[in-house]
Every structure is written in structure tokens, then in C-alpha cells.
Amino acid sequence: MKLRKKKYFCVVGFGKHAEEKILPSILKNKNNVINLVTTKKIKLDNISIFNDLEKALKVCMPSTIFILTTPPNLHYEQIIKIISYNKNVFVEKPIFTSKEEA
């Protein structure tokens, strides 16, 4: 049996799509470590929850992949912040809302 290396994820935003699609997909692999950034008052087993992106960026492992599931008008600012910490980022479409951001 081959052991899988742990993968670290941080889902930013917790709307319907993140709750019903993104998080369950990541949870399928029991070896994944999951963090969540949301201002919603929720409790999820084995998931660290941050109410601020900056806090998550300071605490999460260097290899963490940040997944933006926030409204598109927030993507640009959040992407800039995440890459300034040398973290990886995956963004739901649309990634930008203007050609200036691109």
C-alpha cells in the first residue's frame, strides 16, 4: 500500500459552492489537511477556521494551496496578498473582473 503525502489546503470563503463541492472533494482524501477562512460562525471537525485571510497566511504551512471561492470582485486583492506570502493559489472563475487586473 502506497502512503500518500499530506497536502495542505486553505479554502477562502464558505458559500454554497465551497460547502457542497470544494470542501467535500478535498475531504475525500483523508490525508489532506484543511483550513478555512470565513466570517461565518461555524464549527467543522478537524478543520482550522480563520476569520481573516492574513491570519491564515501567517499560520498555514508553506506548501498550503489557497483556494479562492470568494466573490470575483475580491479575487484580485486576495491573489496579491496570497502571492506576497509566496503561497500557491487556485481561483474559481472568473479570476479577474477587469482587464486592468489581468
Side-chain angles (χ1 to χ4, degrees):
M1 179 171 75
K2 185 178 178 182
L3 293 177
R4 290 185 165 206
K5 183 179 170 186
K6 280 189 180 184
K7 291 185 180 177
Y8 298 86
F9 296 94
C10 185
V11 178
V12 182
F14 197 60
K16 186 177 179 180
H17 184 68
E19 183 176 7
E20 294 179 0
K21 303 289 184 191
I22 303 294
L23 201 56
S25 293
I26 298 170
L27 286 168
K28 283 183 181 179
N29 182 342
K30 303 291 185 211
N31 207 27
N32 289 336
V33 176
I34 305 167
N35 299 285
L36 177 64
V37 177
T38 182
T39 55
K40 293 180 180 179
K41 302 297 181 202
I42 57 172
K43 181 169 177 7
L44 299 169
D45 293 337
N46 302 318
I47 296 177
S48 297
I49 299 174
F50 300 92
N51 62 3
D52 179 75
L53 177 57
E54 191 86 27
K55 290 178 188 174
L57 286 163
K58 290 177 181 177
V59 173
C60 288
M61 295 290 290
S63 60
T64 299
I65 299 168
F66 283 77
I67 302 173
L68 296 183
T69 66
T70 52
N73 64 316
L74 301 176
H75 289 174
Y76 179 75
E77 181 182 319
Q78 291 171 332
I79 291 166
I80 295 301
K81 187 174 283 193
I82 292 166
I83 62 174
S84 75
Y85 277 81
N86 290 323
K87 305 280 186 174
N88 296 309
V89 62
F90 177 87
V91 186
E92 283 189 323
K93 64 181 179 181
I95 189 169
F96 301 120
T97 57
S98 72
K99 63 182 176 185
E100 291 78 26
E101 291 175 348

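Not measured: the values here are computed from a predicted model.
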Does one hydrophobic cluster hold both [X] and [Y], with members joined at side-chain heavy-atom distances below 4.5 Å?
X: Ile79; Y: Leu53; result: yes
X: Ile82; Y: Leu74; result: no
X: Ile83; Y: Val37; result: yes

Q) Given Ile67 and Val12, is the side chain to side chain contact (heavy atoms under 4.5 Å, CB included) satisfied, shown in steps? A) CA-CA 6 Å; Ile67 302 173; Val12 182; over 6 Å; no
Q: State which residues pass side chain to side chain donor-acceptor pair (under 3.5 Å) with Thr70; sequence neighbours excluded, sorted by chain then number.
A: Gln78
Rounded to the nearest 0.5 Å, what separation is found between the [atom1] atom of [X] and the [atom2] atom of [Y]?
X: Cys10; Y: Leu57; atom1: SG; atom2: CG; result: 7.5 Å
X: His75; Y: Ile80; atom1: NE2; atom2: CD1; result: 13.5 Å
X: Tyr85; Y: Thr64; atom1: OH; atom2: OG1; result: 13.5 Å
X: Ile34; Y: Lys7; atom1: CD1; atom2: NZ; result: 12.5 Å
X: Phe9; Y: Phe66; atom1: CZ; atom2: CZ; result: 12.0 Å

**Q.** Side-chain donor/acceptor of Lys87 to backbone N/O of Cys60, under 3.5 Å
**A.** yes
Q. Which atoms form the tightest heavy-atom contact between Leu68 and Val91, and what is the distance?
A. CD1-CG2, 3.9 Å
Under 3.5 Å, sequence neighbours excluded: what are the donor-acceptor pairs made by side chains of residues 13-27?
| from | atom 1 | to | atom 2 | distance (Å) |
| --- | --- | --- | --- | --- |
| His17 | NE2 | Glu92 | OE2 | 2.9 |
| Ser25 | OG | Lys21 | O | 2.8 |

Throw together a table of side-chain donor-acceptor distances under 3.5 angstrom for residues 42-52, partners on residues two or more places apart or in other chains.
| from | atom 1 | to | atom 2 | distance (Å) |
| --- | --- | --- | --- | --- |
| Asn51 | OD1 | Lys55 | NZ | 3.3 |
| Asp52 | OD2 | Glu54 | N | 3.1 |
| Asp52 | OD2 | Lys55 | N | 3.1 |

Distance-only donor-acceptor hits, side chain of residues 94-102, under 3.5 Å, sequence neighbours excluded:
| from | atom 1 | to | atom 2 | distance (Å) |
| --- | --- | --- | --- | --- |
| Thr97 | OG1 | Glu101 | OE1 | 3.3 |
| Ser98 | OG | Glu100 | OE1 | 3.4 |
| Ser98 | OG | Glu101 | N | 3.3 |
| Glu101 | OE1 | Thr97 | N | 2.9 |

Q: Please go through Val33's hydrophobic cluster and name the other residues, only I, L, V, M, F, W, Y counting, with side-chain heavy atoms under 4.5 Å joining them.
A: Tyr8, Met61
Q: Write out all pairs satisfying salt bridge (charged side-chain N to carboxylate O under 4.0 Å, His left out) with one or both partners inside residues 69-78, taking only residues at least two apart or from two chains.
A: none
